[in-house]
Undergrad: 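What follows is a single structure, and I will ask about it in a moment.
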Amino acid sequence: MLNLGLDILGLARFQFGMTTVFHFFFVPFSIGLAFVVAVMETMYAIKGDEDYKKMAQFWGKMFLYSFAVGVVTGIIQEFQFGMNWSEYSRFMGDIFGAPLAIEALAAFFMESTFIGMWMFTWDRFNKWVHTLFIWLVMFGSSLSALWILAANSFMQNPLGYIINQQTGHVQMVSFGAVLSNPQLWSEFPHVIFGAFVTASFVIAGCAAWRLLKKDHVTFYRKSLNVALVIGLIFSLGSIASGDIQSRYLINNQPMKFAAMEGLYKDSTNKGEWAAVSGFDTKNHKTTWSVDVPYVLNLLSYHKTTGTVKGMNTINKEMHAKYDKKYGSDINYYVPTNTLFWSFRIMSGAGALFALLAIVGLFFNRKKSQAIMKQRWFLYIMGLCLWLPFIVNTAGWFITEFGRYPWVVYGLLTIADAVSPNVSVASLLTSNIIYFLMFAGMGVVMIVLCHRTLKAGPDNDENTDGYAASDTDLDPYSKGAFNHD
């Protein structure tokens, strides 16, 4: 067979990365859309303005698309755990199984049940009761994220366990410790706030494209306003929660933090922060850098003094700690370029989102037509509908790449976690199949959303399955059984 330089570990890692990134396109989008739609329907319940009801129904359709694709990609992701990472599954089963079981039996069940009730009961319940359904959907989605992140947080910061001496696997001894993990409570708010930002700026971007065509101006201006208010609030929340999370990493995962800041050597008391840098990753040194004094200390400690350990120092400390168990040839350096630039993309985008929201709300203020005259801004806003997906991916790169070489930090390496019985051929085949499936689902998702936008909020297709007031649409009405 032709040698393509492929190996089992590399292909398994690529497959995990591909499935995780694609799944994470839809998870925050779905959670965020549930929240934005719930806000829109709540405004309808308070004000009685039919435009808000129409907005909840219209943008709710995109929520249903994202939810469906997210479920499918999540199933594929779980399947590849057992296929490619059986050693990890054996090692982590006692810990990973509990939060995943609760997520499936409680949170996902709640979410799925109330999605159905919300979809098919428009005008069958009091508007406040119907609004409660979508809030319960949003609550279920957030609970799902909480349980998944609880499992992931154990992988980042193991707590509440012992090592079973007979099996060599981790065994849970304190579910409370797993659930109260500081890693979880620094990570969860940032993920949820990011989800709300994702949905709000996708809606804002879609609305901007339709406003450029002067299509349903009142409807899309109201949608834009709601989205930008939510986007502004949670952009600021994401910046604050991101600061808390990054400061937590200084002591918990110092190699990850040092790579985010591009530090090979220990910082000085002046706290020079590298705005941009170039790295020689082979020789573990910075080749050039544009530094701003004291900013690193302000970001790290919220004061002008202090020092941060560099990757070279941390690497020596980790060798001293783990060489006896894992050997001296293991590499503890994380992908510096990936983490350094991902962090700058993520933090820079957070500030950009807040700025766009402020400018957009100013242009779109009531009784002003400024937003319709600022076509340049609508183009920027329209293009930025793709930015949240890039930012979420950058954040997930930091979370996962920054844990290298561990699957479970300090307990199980990536090389030890891969399945022993998979082959290069099977992994290459499944990678190609998964890639084609994901590409197909992505295209279908984009086409469906584009068709929905193009059809507009007044199209009959956008109310099918929602409106029940017309007896012609109600299969259980008296008129449905009249054959005259």
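Computed over heavy atoms, backbone and side chain alike; hydrogens, waters and symmetry mates excluded.
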Undergrad: Of all heavy-atom pairs between Lys127 and Glu41, which one has the smallest distance, and what is that distance?
TA: O-OE2, 4.3 Å
Undergrad: Between the main-chain N or O of Tyr409 and the side-chain N or O of Arg403, is there a donor-acceptor pair closer than 3.5 Å?
TA: no
Undergrad: Ignoring hydrogens and geometry, is there a side-chain-to-backbone donor-acceptor pair from Trp185 to Leu179 under 3.5 Å?
TA: yes
Undergrad: What is the minimum heavy-atom distance between Ala151 and Pro99, and which atoms define it?
TA: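 Closest pair (atom of Ala151, atom of Pro99, distance): CB-CG, 4.0 Å.
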Undergrad: Is there a donor-acceptor pair closer than 3.5 Å between any side-chain N or O of Ser30 and the backbone N or O of Val27?
TA: no
Undergrad: Enter the distance from Gln245:CD to His190:NE2 here, rounded to the nearest 0.5 Å.
TA: 5.5 Å
Undergrad: Looking at Asn84 and Leu427, would you say the former's side chain and the latter's main chain have a donor-acceptor pair under 3.5 Å?
TA: no
Undergrad: Just wondering, are more than 12 heavy atoms of other shown residues or ligands nearer than 6.0 Å to CH2 in Trp128?
TA: yes
Undergrad: Are Trp209 and Tyr379 close enough that some pair of their side-chain heavy atoms sits under 4.5 Å apart?
TA: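 Side chain of Trp209 against side chain of Tyr379, heavy atoms only: contact under 4.5 Å found.
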Undergrad: Are Glu261 and Lys256 within salt-bridge range, i.e. N to O under 4.0 Å?
TA: no
Undergrad: Which word best sums up how the rings of Tyr220 and His216 line up, parallel for under 30°, tilted for 30 to 60°, or perpendicular for over 60°?
TA: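 Rings of Tyr220 and His216: perpendicular, over 60°.
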Undergrad: With a 4.5 Å cut-off on side-chain heavy atoms, are Met381 and Leu228 touching?
TA: yes
Undergrad: Using side-chain contact (heavy atoms from CB on, under 4.5 Å), reason through Gln253 and Trp406 one step at a time and then give a plain yes or no.
TA: CA-CA 11 Å; Gln253 289 185 347; Trp406 309 106; over 6 Å; no
Undergrad: Is there a side-chain contact between Tyr404 and Arg13 (heavy atoms, below 4.5 Å)?
TA: yes
Undergrad: Is there side-chain contact between Leu448 and Lys61, with heavy atoms separated by less than 4.5 Å?
TA: no
Undergrad: Quick one: pull up NZ in Lys47 and OH in Tyr44 and give me the separation to the nearest 0.5 Å.
TA: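 That separation rounds to 14.0 Å.
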Undergrad: Look at the side chain of Ser342 and the backbone N and O of Ile398, then say whether any donor-acceptor pair between them is shorter than 3.5 Å.
TA: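 Not at all, since once roles are kept as given, no pair shorter than 3.5 Å links the two residues.
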Undergrad: Over all heavy atoms of both residues, which pair between Ser200 and Ile230 is shortest? Give the atoms and the distance, please.
TA: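 Residues Ser200 and Ile230, closest heavy atoms: CB-CG2, 4.2 Å.
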Undergrad: Does Thr19 use its side chain to pair, donor to acceptor, with the backbone of Phe16 at less than 3.5 Å?
TA: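 Yes; at least one donor-acceptor contact below 3.5 Å.
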Undergrad: Please verify the inter-ring angle class for Phe401 with Phe397; under 30° counts as parallel, over 60° as perpendicular, anything in between as tilted.
TA: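 The rings of Phe401 and Phe397 stand perpendicular, inter-plane angle above 60°.
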Undergrad: Checking Thr20 against Trp396: is there a side-chain donor and acceptor pair closer than 3.5 Å?
TA: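 No - no donor-acceptor pair under 3.5 Å links their side chains.
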Undergrad: Using 0.5 Å steps for rounding, measure from the CZ atom of Phe67 to the CD atom of Glu111.
TA: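 Here the interatomic distance stands at 4.5 Å.
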Undergrad: Using the ring pair (Phe, Tyr, Trp, His ring centres under 6.0 Å) rule, take Phe139 and Phe114 through it: C-alpha gap first, then chi angles, then the decisive distance, then the call.
TA: CA-CA 10 Å; Phe139 182 65; Phe114 286 105; over 10 Å; no
Undergrad: Evaluate the criterion side-chain contact (heavy atoms from CB on, under 4.5 Å) for residue pair Ser235 and Phe201; output intermediate values, then yes/no.
TA: CA-CA 10 Å; Ser235 292; Phe201 276 91; 3.9 Å; yes
Undergrad: How many angstroms lie between CD in Glu187 and CG in Asn152, if you round to the nearest 0.5 Å?
TA: 5.0 Å
Undergrad: Which atoms form the tightest heavy-atom contact between Leu385 and Cys206, and what is the distance?
TA: CD2-N, 3.9 Å
Undergrad: Do the side chain of Arg247 and the main chain of Gly242 share a donor and acceptor less than 3.5 angstrom apart?
TA: no
Undergrad: Distance check, rounded to the nearest 0.5 Å: Leu33 atom CG versus Ser66 atom OG?
TA: 5.0 Å
Undergrad: So, Ser300 side chain and Asn297 main chain: donor-acceptor pair closer than 3.5 Å or not?
TA: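 Such a contact is absent between Ser300 side chain and Asn297 backbone.
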Undergrad: So does Asp123 pair up with Lys53, basic N to acidic O under 4.0 Å?
TA: yes
Undergrad: If you take all heavy atoms of Arg365 and Ala370, which pair is closest and at what distance?
TA: NH1-CB, 4.4 Å
Undergrad: Going by heavy atoms in the side chains, are Leu356 and Cys384 under 4.5 Å from each other?
TA: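 Yes, their side chains come closer than 4.5 Å.
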Undergrad: Would you give the length of the straight line joining atom CD of Gln156 to atom CG of Leu149, rounded to the nearest 0.5 angstrom?
TA: 10.0 Å
Undergrad: Does the side chain of Leu136 reach to within under 4.5 Å of the side chain of Met117, using non-hydrogen atoms?
TA: no
Undergrad: Considering only residues two or more places apart or on different chains, which pairs with a residue in residues 426-453 satisfy ring pair (Phe, Tyr, Trp, His ring centres under 6.0 Å)?
TA: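 For residues 426-453: Phe22-Phe438.
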Undergrad: Would you call the rings of Phe340 and Phe279 parallel, tilted or perpendicular, where under 30° means parallel and over 60° means perpendicular?
TA: perpendicular
Undergrad: Would you say the side-chain atoms of Gln80 and Ser430 include a donor-acceptor pair closer than 3.5 Å?
TA: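 Gln80 vs Ser430: no donor-acceptor pair found between side chains.
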Undergrad: If you look only at distance, which donor and acceptor atoms sit under 3.5 Å apart when one is on a side chain in residues 387-394 and the other is two or more places apart or in another chain?
TA:
unit_1 : atom_1 : unit_2 : atom_2 : d
Asn392 : ND2    : Thr198 : OG1    : 2.9
Asn392 : ND2    : Pro388 : O      : 3.2
Thr393 : OG1    : Phe389 : O      : 2.8

Undergrad: ring-ring contact (aromatic ring centres under 6.0 Å, His included) with Phe133: which of Trp118, Phe125, Phe120?
TA: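 The passing option is Phe125.
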Undergrad: Work out which heavy atom in Tyr88 is nearest to a heavy atom in Val407; give both atom names and the distance.
TA: CD1-CG1, 3.1 Å
Undergrad: Main chain of Ala417, side chain of Trp85: is a donor-acceptor contact present, judged purely on distance under 3.5 Å?
TA: no
Undergrad: I'd like to check the salt bridge (Lys or Arg N to Asp or Glu O under 4.0 Å) partners of Asp291; sequence neighbours left out, ordered by chain and number.
TA: none
Undergrad: Angle between ring planes, Phe196 versus Phe35, binned at 30° and 60°: parallel, tilted or perpendicular?
TA: parallel
Undergrad: Considering only heavy atoms from C-beta outward, does the side chain of Trp273 approach that of Leu298 to under 4.5 Å?
TA: no
Undergrad: So does Lys54 pair up with Asp458, basic N to acidic O under 4.0 Å?
TA: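 Looking at Asp458 together with Lys54, the answer is yes, because their closest N to O distance falls below 4.0 Å.
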Undergrad: Under a 4.5 Å cut-off applied to non-hydrogen side-chain atoms, are Phe219 and Arg210 in contact?
TA: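 Contact flag for Phe219/Arg210 side chains = no.
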